[in-house]
Amino acid sequence: MMSLHILIGCTGSVASIKVPILVRALLEHFPQSEIRVVSTEHAQHFFTKEDIPVPVLTERDEWETWSKIQDPVLHIELRKWADLLLIAPLDANTLAKIANGICDNLLTCIVRAWDNQRPLLFAPAMNTYMYEHPLTSSHILSLKSLGYIEIPSISKKLACGDTGYGAMAEVSTLVSAVESAVVQVPASAQLT
């Protein structure tokens with residue numbers, strides 16, 4: 001079995017409530033692997049760090065770990081560490097930032113520095129009206145043109161009460177997508 005370094009990014013969608021479940025499912029499916037979570041400030045509204053059995057890194061960690069030249073830069077260190085990046089959920093705001101090259105927080109800086117030889121998967125999650133906005137499909141196409149792998153949204157009753165597309169894919173679908181992407185992981189990931 002392959003020993004992977006899996007980095008999960010989560011953003012300010014209510015679907016971030018599922019991040020603890022996602023982490024546990026990945027730990028169960030990839031028991032030899034290490035997982036770290038990078039959370040935007042707004043994602044932290046939907047879970048506590050204590051709910052997640054792996055390290056959770058935030059914007060504060062980026063700035064508290066650096067004080068002088070030669071200190072490690074966290075977004076670069078995480079980019080080097082990770083064999084695979086899964087952004088789940090990817091809200092409309094962060095989707096737009098990534099599509100337009102904006103890197104103003106720990107997660108978007110990791111994406112901007114990402115090694116495109118390694119898989120980057122993203123699972124959009126937002127209100128149906130936001131999902132159906134023409135900019136959303138344009139932004140998704142932009143990410144896919146970079147070689148990033150979309151895990152499509154699904155249709156269901158959303159937390160806000162609306163019904164339609166925009167819900168994050170089920171956790172089992174996310175795990176299956178990671179498993180499929182593992183074939184793209186460079187040989188630097190060690191076999192155990």
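Note that the numbering runs from 1 along the sequence shown for the chain.
Within the 3.5 Å criterion, the main-chain N or O of His5 finds a donor-acceptor partner in the side chain of Asp83. Judged by distance alone, with hydrogens and angles left aside, the side-chain atoms of Ser13 form no donor-acceptor pair with the main-chain N or O of Pro89 at under 3.5 Å. Remark: side-chain polar atoms of His29 are not paired, donor with acceptor, to backbone N or O of Ala25 under 3.5 angstrom. Listed for the Thr108 side chain is a donor-acceptor partner under 3.5 Å among the backbone atoms of Asp104. Put simply, the side chain of Asp51 never gets that close to the backbone of Phe47: no donor and acceptor are under 3.5 Å apart. Side-chain N or O atoms of Ser39 include none that pairs as donor or acceptor with a backbone N or O of Thr11 at under 3.5 Å. Side-chain N or O atoms of Ser180 include one that pairs as donor or acceptor with a backbone N or O of Ser176 at under 3.5 Å. At least one donor-acceptor pair closer than 3.5 Å links the side chain of Glu62 to the backbone N or O of His75. At least one donor-acceptor pair closer than 3.5 Å links the side chain of Asp91 to the backbone N or O of Gly12. Although no hydrogens or angles enter the test, the distance criterion places no donor-acceptor pair under 3.5 Å between the side chain of Arg118 and the main chain of Leu84.
Within the 4.5 Å cutoff, the side chain of Trp114 has heavy atoms near those of the Leu85 side chain. Between Leu74 and Trp63, the closest side-chain pair of non-hydrogen atoms is not below 4.5 Å. Within the 4.5 Å cutoff, side-chain heavy atoms of Ile140 are placed close to those of Phe122.
Transitive grouping of hydrophobic side chains (ILVMFWY, heavy atoms separated by less than 4.5 Å) brings Val23 and Val182 into a common cluster.
Contact between Ser33 and Ile6 at its shortest, heavy atoms only, is CB-CD1, 4.4 Å. Scanning both residues, Leu174 and Met168, for their nearest heavy atoms gives CD1-CE, 4.0 Å.
Atom CG of residue Leu4 and atom CZ of residue Phe30 lie 6.5 Å apart, to the nearest 0.5 angstrom. In this structure, Leu86 CG and Leu22 CG are separated by 6.0 Å, a value rounded to the nearest 0.5 Å. Between atom CG of residue Leu106 and atom CG of residue Leu78 there is a gap of 6.0 Å, rounded to the nearest 0.5 Å. With values rounded to the nearest 0.5 angstrom, Asp61 atom CG is found 6.5 Å from Glu64 atom CD. The line from NE2 of His139 to NE2 of His133 is 9.0 Å long, rounded to the nearest 0.5 Å.
When Val178, Leu121, Leu90 are each tested for a side-chain contact (heavy atoms from CB on, under 4.5 Å) with Ile151, only one passes: Leu121.
Cation-pi geometry between Arg36 and Trp81 is met: under 6.0 angstrom from the ring centre, within 45 degrees of the axis.
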